[in-house]
Novice: 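The structure under discussion is supplied below as structure tokens; questions concerning it will follow.
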Amino acid sequence: MTPGIIERYAAWLPVTPATPLVSLGEGSTPLVTSRRIGPSLGLSRLFFKYEGLNPSGSFKDRGMALAVAKAIESGAHALICASTGNTSASASAYAASRGLKALVVLPSGGVATGKLAQALAYGALIVPVRGNFDRALEVVRALAQTPGYAVVNSINPFRIEGQKTAALEVFEQLGVAPDRVFLPVGNAGNITAYWRGFSELHEKRGASLPRMHGAQATGAAPIVKGHPVKRPRTVASAIRIGNPASWKTALAARDQSHGSIEAVTDEEILSAQRLLAREEGLLAEPASGAGVALLIRMAQTGQLRPDERIVCVLTGQGLKDPHALMRGLRLPPAVEPTEDAVRAAIG
Ligand code: F0G
């Protein structure tokens with residue numbers, strides 16, 4: 001059996017003998033060497049951490065495994081979360097695996113089809129609300145005290161603890177800490193968790209510290225602007241968030257690491273997403289394209305050294321949002337099933 005993150009990283013996690021080993025086999029995701037994007041930018045050590053290969057198709061599964069284990073340990077019988085889609089898919093999957101109820105509060109019309117289909121298929125109770133993610137999270141916070149409920153958004157400290165294992169894994173895979181890490185920022189849990197992981201590696205193993213670079217979408221860039229955004233807009237629905245819960249710790253990650261949090265446009269996001277698919281064979285969702293877009297911009301403006309070890313985190317699987325994938329693409333019309341017709345179509 002593939003051990004999950006609780007088993008593999010127990011020594012780094014707040015687990016007790018009473019903590020169940022909740023796992024769907026999360027973690028152990030590949031660190032893929034860039035064969036084309038890196039070299040085309042003059043970067044010889046660019047890697048993609050392909051977190052879309054987690055069991056529910058996103059990085060959320062690491063933190064969810066631990067959050068669900070601790071929820072069970074504390075006697076909860078229902079998981080509740082607000083989500084732009086991936087947290088709900090992950091929570092629903094882990095709830096199903098342990099016979100817990102999953103209640104997910106989603107921004108109506110704001111979640112990619114694949115993620116909705118996942119939550120439904122895993123048997124979650126979905127409550128779409130007429131509002132954005134930030135409103136949904138406010139509602140979930142209000143429901144948090146209900147007996148038997150465990151909130152599994154990244155405001156749950158165990159989500160961050162479990163998620164930090166991604167940094168530990170990158171360190172194992174590279175043999176050293178990277179010089180820079182690029183990732184998209186939405187509710188800002190992931191950047192917080194990576195920074196915690198690398199900071200603990202620094203303290204306990206003497207590892208060097210990477211610079212953390214977070215990317216927000218221009219229309220949903222509260223941290224870049226320095227104030228909440230009332231109506232966040234972006235094609236990358238996963239990071240359509242106007243008031244991130246982990247704002248302060250994201251700033252700490254940025255500043256302590258001498259990194260940056262910057263905005264990228266929807267065009268840059270989609271173009272990076274397409275490039276990943278066409279040039280590397282890596283399908284990622286639009287949000288994951290944001291980190292890559294920022295990397296491309298920094299490389300093109302001479303802000304990166306050629307030999308730096310750079311890790312770009314691909315946070316979610318591209319199949320989750322087929323609508324975004326198909327933008328600008330066209331399925332050719334059907335032809336007769338004959339050699340001639342197919343030859344003619346090939347041109
Ligand atoms: N990438 C993907 C694919 C995501 O789903 C998210 C967040 C992020 C990046 C940003 O990570 O929030 O830790 O800064 N998705 C959350 C959700 C908000 O509800 O699924 P973050």
Side-chain angles (χ1 to χ4, degrees), residues 49-54 56-64 67 79-93 102 104-107 110-112 114-116 118-119 124 126 132-137 140 151-156 159-160 162-164 166 181-196 212-217 220-223 232 234-247 249-251 253-254 261 264 269 272-273 276 283-294 312-321 324:
K49 181 66 173 159
Y50 199 12
E51 288 285 278
L53 292 196
N54 275 295
S56 81
S58 84
F59 74 94
K60 308 281 180 179
D61 292 340
R62 294 175 184 275
M64 197 59 68
L79 311 178
I80 183 165
C81 67
S83 181
T84 57
N86 281 324
T87 297
S88 65
S90 183
S92 311
V104 303
V105 184
L106 306 177
V111 175
K115 303 174 188 178
L116 278 178
Q118 281 184 284
I126 298 182
N132 60 28
F133 168 84
D134 304 289
R135 294 284 299 143
L137 185 56
V140 165
V151 174
V152 293
N153 280 104
S154 55
I155 53 175
N156 177 330
R159 278 280 315 279
I160 306 289
Q163 182 56 35
K164 84 182 177 195
V181 175
F182 286 80
L183 76 181
V185 174
N187 213 25
N190 205 21
I191 191 168
T192 299
Y194 270 87
W195 182 241
R196 185 177 301 171
M212 302 298 302
H213 296 283
Q216 298 200 295
I223 299 180
T234 167
V235 64
S237 57
I239 53 171
R240 197 180 288 149
I241 293 175
N243 192 12
S246 298
W247 192 321
T249 45
L251 289 180
R254 179 194 71 185
I261 297 180
V264 292
I269 286 173
Q273 183 199 22
L276 279 168
L283 208 58
E285 63 175 285
S288 309
V292 180
L294 179 58
C312 256
V313 183
L314 306 184
T315 48
Q317 166 61 247
L319 290 171
K320 283 173 173 275
D321 191 350

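In listed order, ligands and their atoms are each counted from 1. In this text, all values refer to a predicted model and were calculated from it rather than measured experimentally.
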Novice: Ligand 1: which residues have a non-hydrogen atom closer than 4.0 Å?
Specialist: F59, K60, S83, T84, G85, N86, T87, P184, V185, G186, N187, A188, G189, N190, A238, I239, I241, E285, A287, T315, G316
Novice: Does D321 use its side chain to pair, donor to acceptor, with the backbone of A112 at less than 3.5 Å?
Specialist: no
Novice: Y50: which residues meet the ring-ring contact (aromatic ring centres under 6.0 Å, His included) condition with it, sequence neighbours left out?
Specialist: none
Novice: Please name all residues satisfying salt bridge (Lys or Arg N to Asp or Glu O under 4.0 Å) with K115, sequence neighbours left out, ordered by chain then number.
Specialist: E285
Novice: Applying side-chain contact (heavy atoms from CB on, under 4.5 Å), can you list everything that pairs with N132, at least two apart in sequence or on another chain?
Specialist: D134, R135, P232
Novice: Indicate yes or no for a side-chain donor-acceptor contact from R159 to the backbone of V152 under 3.5 Å, with no hydrogens or angles considered.
Specialist: yes
Novice: Output the distance between atom NZ (K320) and atom OG (S288), rounded to the nearest 0.5 Å.
Specialist: 10.0 Å
